[in-house]
Chemist: 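One structure follows; several queries about it will come next.
Quick note on labels: first sequence line is chain A, next is B, and so on, each numbered from 1.
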2 protein chains.
Amino acid sequence: MATPPAETRERLLDAAELAFAQEGIQQASLRTITAAAQANLAAVNYHFGSKDGLIREVLQRLVGPINAERLQRVSDAEAKYADKIVPLEELLRHFLEPTLQMFASGRSHIPTLISRFHHETSPAVAETMAAVLEPVVGRFLQALMRSVPSLTIERALLRGQFMVGALLETLSLNPEVLKLMQPAGVDSLPRLNMLDELVTFCAAGFRHE
Amino acid sequence: MATPPAETRERLLDAAELAFAQEGIQQASLRTITAAAQANLAAVNYHFGSKDGLIREVLQRLVGPINAERLQRVSDAEAKYADKIVPLEELLRHFLEPTLQMFASGRSHIPTLISRFHHETSPAVAETMAAVLEPVVGRFLQALMRSVPSLTIERALLRGQFMVGALLETLSLNPEVLKLMQPAGVDSLPRLNMLDELVTFCAAGFRHE
DNA sequence: GTCTATACTCCGATAGAC
DNA sequence: GTCTATCGGAGTATAGAC
C-alpha cells in the first residue's frame, strides 16, 4: 500500500493547486502540473477529462469547505440568538474568517489562489464559482438585512461587493505590506489583526446612513 | 493623410487594449492583436520590442492620465482649503472618480482592463504598476492622515487597500449586478450612484474608532 | 488504470526581402 | 517601416501499449 493508485488523483489536485497559485490558472501548463505530481502527462485527461475539468475540481475542493463552514457558522449564530438577529460584527466575522484562516493553514499559496479564482473570467471558472457562491450569498444577504434593518436590498448587494473586494485585496497583499501590520514576527499574527480591521471597516460602512 | 505611417502604433495600442480586456493580458495573442489592428505580426516587435513592451505601453497610456488627474485634483483641493486639510469625503472622491469616470467614457472595456492590470502578477505588469502608482499612493496617504488625524500609518495603508479592493470589485461587476443599481436604464447613471456609495462606505470605514 | 509516444495547433520572436 | 516566411518551443489532447 505504498502508492495506491487512487493517490494519483490527489497528487494532481495538489500540484495543480500550487501551480495555479504560482503561475496563474491559465498560464500553468499540464506539463508542469503532471511533472510536479510525478504523474504522466496523460493523467490529467484521464482523471478530469480536460484542463477545465481539473480547474473545476481544484476550485470545488478549495471553496466547498470554506462555504460549508460559513453556512454552519451562520446557522449556529442564528440558533444562539433566539430572535434570529445576529449582531453585524459577528455576522461579518462568520463570513470573513473562514477565508482568512487560510493564511494560517500552512499552505500559504491558498490566499493567492482564491484571489485568482475570483478574478478569472473564463466560463469554466466563472460558472463554477457562481454556482458555488450562490447559496452563501443568498444566506448572508438575508441575515445582513436583519442585522441592519435600514439597508435596502440594492445597498446590501453593493456593499457586499465592496466587502468582498476588500477581502480579496487583503488576500493578494504582498508580503512587504503584510509585515507592516504585525509588530512581532509570527506569521499567523497578521491574520487576527486583519480580520478585526476588515470587520470594523466593513461594519462601519454597512451601518452608514 | 488618409493613413500616415505613425498611426500603426496607435492602432496597435487600441487593438491591444481591447484584446487584453476581452481575453486577458497573457491570453491575448499578438496574432489576434495585429490582425485587429490591420497590421503585420512583426509590427509589435518592431514598435515595442516584445509583447511585454506592448503591455507596458498600454498600461502607461491607460493609467498615466488617470493618476495625473488624481494628483491635479488633490493639489487643487489643498489649494482651496487654506489649512491644507481636505474633508475626507472630498479626498476620497478625488481618488475614486478619475477611475470610475471610465464607465462613462464610451470605451466600456476599460474598467475590466484596469481590474486585470491590478491583479496581474507577471513582473512586467507588477513592476510598471508599482512605479506608476507609487507617487499617487504617497500623496493620498499623506492627505488621508491629515483628513483623519486619529489614523495611524499602518491603519491608513491597510484601509487604503480595502478601498482599492472595493473599487476594483466595482470595476469588474457584471452587468446584471449593475442593472440592480439603477432604476432608469441610462448607462451613465450607475456610475454616479456607485461613486457616492463607494465614498460613503469607505469614509465610514476610515473614520471608525 | 497508468504510461509512452505523438498528433496537431498555436505561440512569440527573428531574418531578410522589399 | 512594413511585409513574408519560418524557427523553435510549448500548449492540450489522443491513440494505443502495457
Chemist: Taking only side-chain N and O atoms of B:N40, does any of them lie within less than 4.0 angstrom of OP1 or OP2 on D:dT4?
Modeler: yes
Chemist: Is a donor on one side and an acceptor on the other found under 3.5 Å between the side chain of B:S115 and the backbone of B:P111?
Modeler: no
Chemist: Rounded to whole Å, how long is the line connecting atom CG of B:L12 with atom P of C:dG12?
Modeler: 13 Å
Chemist: Rounded to whole Å, how long is the line connecting atom OH of B:Y46 with atom P of C:dA15?
Modeler: 16 Å
Chemist: Are any side-chain N or O atoms of A:N67 and backbone N or O atoms of A:V136, one a donor and one an acceptor, separated by less than 3.5 Å?
Modeler: no
Chemist: How is B:A43 classified with respect to the nucleic acid when contacts are heavy atoms under 4.0 Å: base, sugar-phosphate, or nothing?
Modeler: nothing
Chemist: B:E7 CD to D:dG1 C1': how many Å, rounded?
Modeler: 15 Å
Chemist: Evaluate B:E69 against B:R73 for salt bridge (charged side-chain N to carboxylate O under 4.0 Å, His left out), listing each step before the verdict.
Modeler: CA-CA 6 Å; B:E69 187 183 342; B:R73 288 175 72 147; 3.2 Å; yes
Chemist: Expressed as a whole number of angstroms, how long is the span from B:F48:CZ to C:dT14:P?
Modeler: 16 Å
Chemist: Can you tell me the distance, in whole Å, between the CG atom of A:L30 and the P atom of D:dT14?
Modeler: 12 Å
Chemist: Check whether any side-chain nitrogen or oxygen of B:S29 sits under 4.0 Å from OP1 or OP2 of C:dC10, and answer yes or no.
Modeler: no
Chemist: Rounding to an integer number of Å, can you tell me how far A:E23 CD sits from D:dA10 C1'?
Modeler: 13 Å
Chemist: Want to settle it: does A:N45 or A:T32 sit nearer the 5' end of DNA chain D, counting the closest nucleotide to each?
Modeler: A:T32
Chemist: Cut-off 3.5 Å, side chains only: do A:T99 and A:R70 have a donor facing an acceptor?
Modeler: yes
Chemist: Can you measure B:H47 atom NE2 to D:dG1 atom P for me and round it to whole angstrom units?
Modeler: 7 Å
Chemist: So, OP1 or OP2 of D:dT2: does either fall under 4.0 Å of a side-chain N or O from B:T8?
Modeler: yes
Chemist: Round to a whole Å and report the spacing from CZ of A:R31 to P of C:dT6.
Modeler: 13 Å
